[in-house]
Amino acid sequence: MKRYEALGLLKGIPEKITTGLPASQGELIGNAVVGFFIGYKILGIFFQWDTASQDLQAFVFSSQGSLFAGILLGAAMAGYKYYTKKKAALPQPKEQVVMVMPHHRVPDIIVMAAIAGLLGAKIFHNLENWNDFVHDPIGALLSFSGLTFYGGLIVAAIVIISYARKRQFNIRALIDSAAPALMLAYAIGRMGCHFSGDGDWGIYNSAYTIDTNTGHTVKMAPANFTDVVQKNAGFFQQQYASVEQIPHAAFEKPGALGFLPDWLFAYGYPHNVIKEGVQLAGCDGQYCKVLPTAVYPTPLYEIIVCLILFGILWGIRKKVTTPGVIFGIYLILNGVERFFIEKIRVDTRYDIFGFHPTQAEIISTLLVIGGIVLISIYRKNNTAANKLS
């Protein structure tokens with residue numbers, strides 16, 4: 001954003017502020033509440049680790065915590081706010097006009113993006129899995145798993161753009177500045193999906209199975225997939241009415257890529273956070289499940305691809321001079337990447353005029369179309385403006 005400000009594409013607006021005021025009651029209460037929450041929950045995890053470590057999710061969403069740490073940190077943060085404001089207070093507060101630049105508003109944008117993104121991700125996930133939501137609405141809303149990226153992107157974008165319009169931002173420059181970071185954030189988010197095993201994986205790779213004693217990937221003949229299903233019938237019957245409904249596709253690691261590990265092509269997600277699968281031998285604890293047969297580790301593929309796409313966007317950000325075009329390119333790249341990864345992901349499919357797309361396939365297609373339209377419009381407008389000048 002600072003680079004766009006230097007180019008004159010993002011400009012500040014004058015705002016009247018009052019300096020020299022002591023801390024207000026609202027500021028003191030706000031700092032005390034934040035400090036109390038951090039102390040009660042975050043420090044409470046460390047002070048009560050033996051309890052919290054048994055089920056961290058249940059601890060976070062319970063009433064358990066450290067009351068002493070909460071009160072102490074809440075008082076400390078309120079006291080610090082009072083002290084710093086009093087130190088800067090003037091005998092007679094002054095009003096002055098300052099130029100507030102767009103990059104000064106980044107903290108506000110981050111908070112709004114985090115809140116709106118989380119709400120949007122939850123809303124879209126539960127719309128996509130409506131039956132699960134109706135069955136257990138509280139569990140679906142509070143679960144650590146179940147976040148749809150596109151839902152977060154759409155809702156956060158609406159909130160931030162509305163805020164930016166009120167603050168007289170150049171929207172095209174704003175979305176361009178966010179595009180590379182959005183791609184990088186997506187890759188980082190998928191790291192969480194992969195390493196936690198939150199259920200955001202692909203269909204079964206019937207060329208591999210899982211050794212439930214070790215959790216390691218083992219090659220097998222695709223014809224033996226049915227035998228594995230029958231051996232673990234208790235697991236599969238919970239999710240599928242018949243063997244024919246189990247999504248799978250055999251793909252064995254090519255000989256030319258023999259140096260790559262098998263888990264890059266098929267993975268069992270041992271110790272996954274959603275506790276899905278069968279019991280791991282010799283494991284005793286909350287997270288002792290592993291999938292009975294291997295799936296495509298689609299989050300890992302998206303991490304790799306999106307890091308590459310981030311590098312592309314970062315590399316061209318100074319070369320593309322028409323505002324808004326970088327964001328259009330981001331929409332196309334993101335849409336194409338997600339559309340093709342959906343072919344081997346497990347997602348709810350809709351029945352639309354004989355087609356059976358997933359929610360992500362529909363949105364990714366619209367993103368590609370939207371990106372093409374944005375690039376066309378912005379380039380056309382930029383050409384017309386140059387001709388007029």
Side-chain angles (χ1 to χ4, degrees), residues 23-85 106-126 129 132-133 135-149 151-153 155-156 159-160 181 185-186 188-200 269 271-276 283-289 299:
S24 67
Q25 189 176 33
E27 289 176 321
L28 294 177
I29 293 174
N31 276 262
V33 169
V34 171
F36 177 81
F37 177 78
I38 295 174
Y40 188 74
K41 279 295 179 186
I42 307 302
L43 295 182
I45 291 175
F46 294 97
F47 292 155
Q48 301 180 26
W49 179 247
D50 289 342
T51 301
S53 61
Q54 297 300 314
D55 192 338
L56 188 60
Q57 179 177 350
F59 184 89
V60 169
F61 288 106
S62 72
S63 60
Q64 294 177 293
S66 174
L67 184 62
F68 172 76
I71 294 174
L72 185 64
L73 191 57
M77 288 188 64
Y80 179 75
K81 187 68 173 180
Y82 174 82
Y83 171 77
T84 55
K85 293 286 285 190
V106 168
D108 294 338
I109 292 174
I110 290 174
V111 172
M112 287 187 292
I115 296 173
L118 181 61
L119 290 175
K122 271 295 180 187
I123 290 170
F124 273 66
H125 173 79
N126 288 312
N129 300 275
D132 293 338
F133 173 74
H135 182 261
D136 183 14
I138 301 300
L141 291 174
L142 297 182
S143 172
F144 280 0
S145 63
L147 297 173
T148 299
F149 168 76
L153 175 66
V155 175
V159 170
I160 292 171
Y186 187 72
I188 294 173
R190 283 296 183 230
M191 291 180 187
C193 295
H194 180 70
F195 294 119
S196 69
D198 66 353
D200 189 25
Y269 286 96
H271 308 287
N272 63 79
V273 73
I274 62 172
K275 306 173 187 176
E276 183 166 322
C283 182
D284 182 21
Q286 287 289 321
Y287 306 105
C288 287
K289 299 287 187 176

* **Nearest non-hydrogen partners of A78 and A32, listed with the distance** => CB-CB, 4.0 Å
* Rounded to the nearest 0.5 Å, what's the gap from CD1 on I188 to SG on C193? Could you check? => 12.5 Å
* Asked: Can you tell me how far the CD1 atom of I123 sits from the CG atom of L118, to the nearest 0.5 Å?
  -> 9.5 Å
* **Any donor-acceptor pair under 3.5 Å from Y269 side chain to D198 backbone** => no
* Working to the nearest 0.5 Å, report the span between OH of Y186 and CG of L153. => 10.5 Å
* Asked: Going from CZ on F36 to CG on L73, what distance comes out if it is rounded to the nearest 0.5 angstrom?
  -> 10.5 Å
* If you take all heavy atoms of G199 and I274, which pair is closest and at what distance? -> CA-CD1, 3.6 Å
* Kindly determine whether Y80 and N31 satisfy side-chain contact (heavy atoms from CB on, under 4.5 Å), including the steps that lead there. => CA-CA 9 Å; Y80 179 75; N31 276 262; over 6 Å; no
* Output yes when a side-chain donor or acceptor of K41 lies under 3.5 Å from a complementary backbone atom of Q64, and no otherwise. => yes
* Gap separating the NZ atom of K289 from the SG atom of C283, nearest 0.5 angstrom -> 10.0 Å
* Pairwise distance NZ(K122) to CG(L119) - rounded to 0.5 angstrom -> 10.5 Å
* Atom OH of Y82 with >12 non-hydrogen neighbours under 6.0 angstrom -> no
